[in-house]
Amino acid sequence: MNRLIRSTAALALALAATSGWAQAWPTKPIRVIVPFPAGGPVDQTARSLGAKLSGSLGQPILIDNKGGAGGLLGADAVAKSPADGYTLLFSSAGALAIVPHIAPTMPYNAEKDLVAVTQALKVPAVLVVSANSKYKTFADLKTAATGDASKINYASAGSGTTPHLQAELLKREAKLNINHIPYRGAAPALTDLIGGQVDMMLVDIPVVLPFLQSGKLRALAVTNAKRIPVLKDVPTIGELGFPKAEAYNWYGMLAPARTSPEIIGKLYTSVGAALRSPELKLQFEQQGVEVVASKPEEFGAFIAAESERWGSLAKAVGAKME
C-alpha cells in the first residue's frame, strides 16, 4: 500500500510539473519542418503563417525545408522528434494521406507517431490547358477524350502526387480516356503544358494563378464544390455534371505524438488566430484558397478519411513512389 501511495504521489508531482512546463511553453525558437523544397506553395504558406505566429507566441518560428520522397523524409523527422512542442510539421495532403500507401517502406506510423493540430487551408485544384489549346471548354476536352481513339495526355508533378490522383478521379468519374505523363515536379510539367507538349493538367490554384492571369493558361473547371471568387467565371466540376470528382488539396499542422494537450491547444488557438488575421485572410482569398482552422480532433478524423479515400485510388491505379 505504501508503495502504491508513493507511486501515485510521484505521478501527481510529474503531471503537475508537466502542466506547469506546458503553460510556460514556448521559451525558445520553434522549428516548423516543411517536407518540400523552398519556394513552393506549402513553403510560402508556412512562412506567412510563421511570421504571424512568431508575434503571438513571442518566439522565432524557423522554417526548415526537408524535402524528398514525397514528403516522407520531413514527416519522419518530426515523428522522431521530442514531443516538446519545438518541432512541428506543416504539410499538404500528399505526404499524409497518399505517401503512406505508395512508399515501399514506411519508417514511421503516421497515425501513431504524429498528432493533428489543425487543418489550416483548403486548396482547390483547377483543370488547365494551354492558352493556345483548341479545347475552349471542358465539353470540348471531354469529346476529344472519349473513345479508344483519344490521344489526350495529362501532366502531373509525379506518380502518386495529389494532382495525379485528382486527375485519375476525374478520369474515372467523367469516363475520360486520358494518358498520364508524370514529371519530376510541377514546374517542368507546367512548362510543357504551356508549350503544348501535353494537353491538360490538374494543379493547385495558387501554383497556376499567375499563368492564368498572364494569359498563358486557360482554366476549364475547378474541383471545388463552389466557384472560386478569383476564378468566378470558371465552372465547378459539379456544375459540369461530375460532383463525385470534387477534390482538393489541403495544408495542415501536426506535432509529434505524445505532445501535451496543453501545447496542442495553445498551438491550435494561435494558428487559428493567425489564419483569420486580416492580412493572411486577404492573402489567401487572393490565392483562391479557403481558411479552415479545424479543431485537432476534427483534423485527425479528416486525415484518416482522406487517407482511406486517396489510398484506395492510389492502389487502384497502381501509383508508385518515384
Side-chain angles (χ1 to χ4, degrees), residues 41 94 122-249 286-289 310 313 316-319:
K122 174 181 177 181
V123 188
V126 57
L127 173 61
V128 290
V129 298
S130 169
N132 298 319
S133 172
K134 61 183 178 182
Y135 308 120
K136 308 299 183 184
T137 66
F138 180 78
D140 293 340
L141 182 66
K142 187 177 187 312
T143 298
T146 300
D148 295 337
S150 171
K151 295 182 180 179
I152 301 296
N153 294 322
Y154 77 89
S156 83
S159 177
T161 59
T162 305
H164 171 208
L165 295 186
Q166 287 174 332
E168 286 294 329
L169 180 62
L170 177 61
K171 175 181 179 178
R172 183 183 72 187
E173 296 302 324
K175 296 180 172 56
L176 304 178
N177 183 7
I178 53 178
N179 304 302
H180 181 212
I181 309 296
Y183 286 76
R184 290 190 176 276
L190 286 169
T191 297
D192 277 5
L193 179 65
I194 292 170
Q197 280 73 45
V198 287
D199 299 296
M200 56 171 276
M201 185 175 181
L202 271 161
V203 62
D204 290 359
I205 286 178
V207 176
V208 293
L209 197 55
F211 299 107
L212 292 170
Q213 293 169 337
S214 67
K216 293 182 178 180
L217 291 175
R218 178 186 303 125
L220 302 186
V222 294
T223 61
N224 204 31
K226 57 184 180 181
R227 292 204 181 196
I228 309 298
V230 293
L231 298 173
K232 57 184 175 58
D233 296 326
V234 181
T236 69
I237 208 68
E239 290 174 338
L240 296 171
F242 310 103
K244 290 184 179 180
E246 292 174 358
Y248 52 87
N249 201 349
Q286 292 174 338
Q287 294 174 342
V289 302
W310 295 120
L313 183 59
V317 303

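Nothing here was measured: the structure is a model prediction, and the numbers come from that model.
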So [Y] and [X], do their side chains get closer than 4.5 Å, heavy atoms only?
X    : Y    : value
H164 : Y183 : no
P124 : I228 : yes
L169 : L202 : no
L190 : V207 : yes
R227 : P235 : yes

Going by atom types only, do D199 and Y135 share a side-chain donor-acceptor pair under 3.5 Å? no
Could you walk me through whether L217 and I194 pass the side chain to side chain contact (heavy atoms under 4.5 Å, CB included) test, one step at a time? CA-CA 7 Å; L217 291 175; I194 292 170; 3.7 Å; yes
What distance do [X] atom [atom1] and [Y] atom [atom2] have between them, rounded to the nearest 0.5 Å?
X    : Y    : atom1 : atom2 : result
M200 : S130 : CE    : OG    : 14.0 Å
Q166 : Y154 : CD    : OH    : 11.0 Å
L170 : I237 : CG    : CD1   : 4.5 Å
N177 : D148 : CG    : CG    : 6.5 Å
R218 : L220 : CZ    : CG    : 7.0 Å
L231 : I205 : CG    : CD1   : 5.0 Å

What closest approach, in Å, do [X] and [Y] show between heavy atoms, and which atom pair accounts for it?
X    : Y    : answer
A145 : S150 : CA-OG, 3.4 Å
A319 : L165 : CB-CD2, 4.4 Å
M201 : L193 : CB-CD2, 3.8 Å
N224 : K122 : OD1-CE, 3.2 Å
A131 : G215 : CB-O, 3.0 Å

Donor-acceptor pairs are to be reported for all side-chain atoms of residues 240-249 against protein atoms at under 3.5 Å, with residues two or more places apart or in another chain.
unit_1, atom_1, unit_2, atom_2, d
N249, OD1, A93, N, 3.1
N249, ND2, D204, OD2, 3.0

Apply salt bridge (charged side-chain N to carboxylate O under 4.0 Å, His left out) to R172 and list each qualifying residue two or more places apart in sequence or on a separate chain. none
If the condition is salt bridge (charged side-chain N to carboxylate O under 4.0 Å, His left out), which residues does E173 pass it with, not counting sequence neighbours? none
I'd like to know if the side chain of T191 and the backbone of A187 have a donor-acceptor N/O pair within less than 3.5 Å. yes
More than 12 foreign heavy atoms under 6.0 Å from NZ of K136: is that the case here? yes
Is the number of heavy atoms from other residues, nucleotides or ligands within 6.0 Å of NZ (K142) greater than 12? yes
Kindly indicate, with the supporting measurements, whether the criterion side chain to side chain contact (heavy atoms under 4.5 Å, CB included) is fulfilled by L176 and I152. CA-CA 9 Å; L176 304 178; I152 301 296; over 6 Å; no
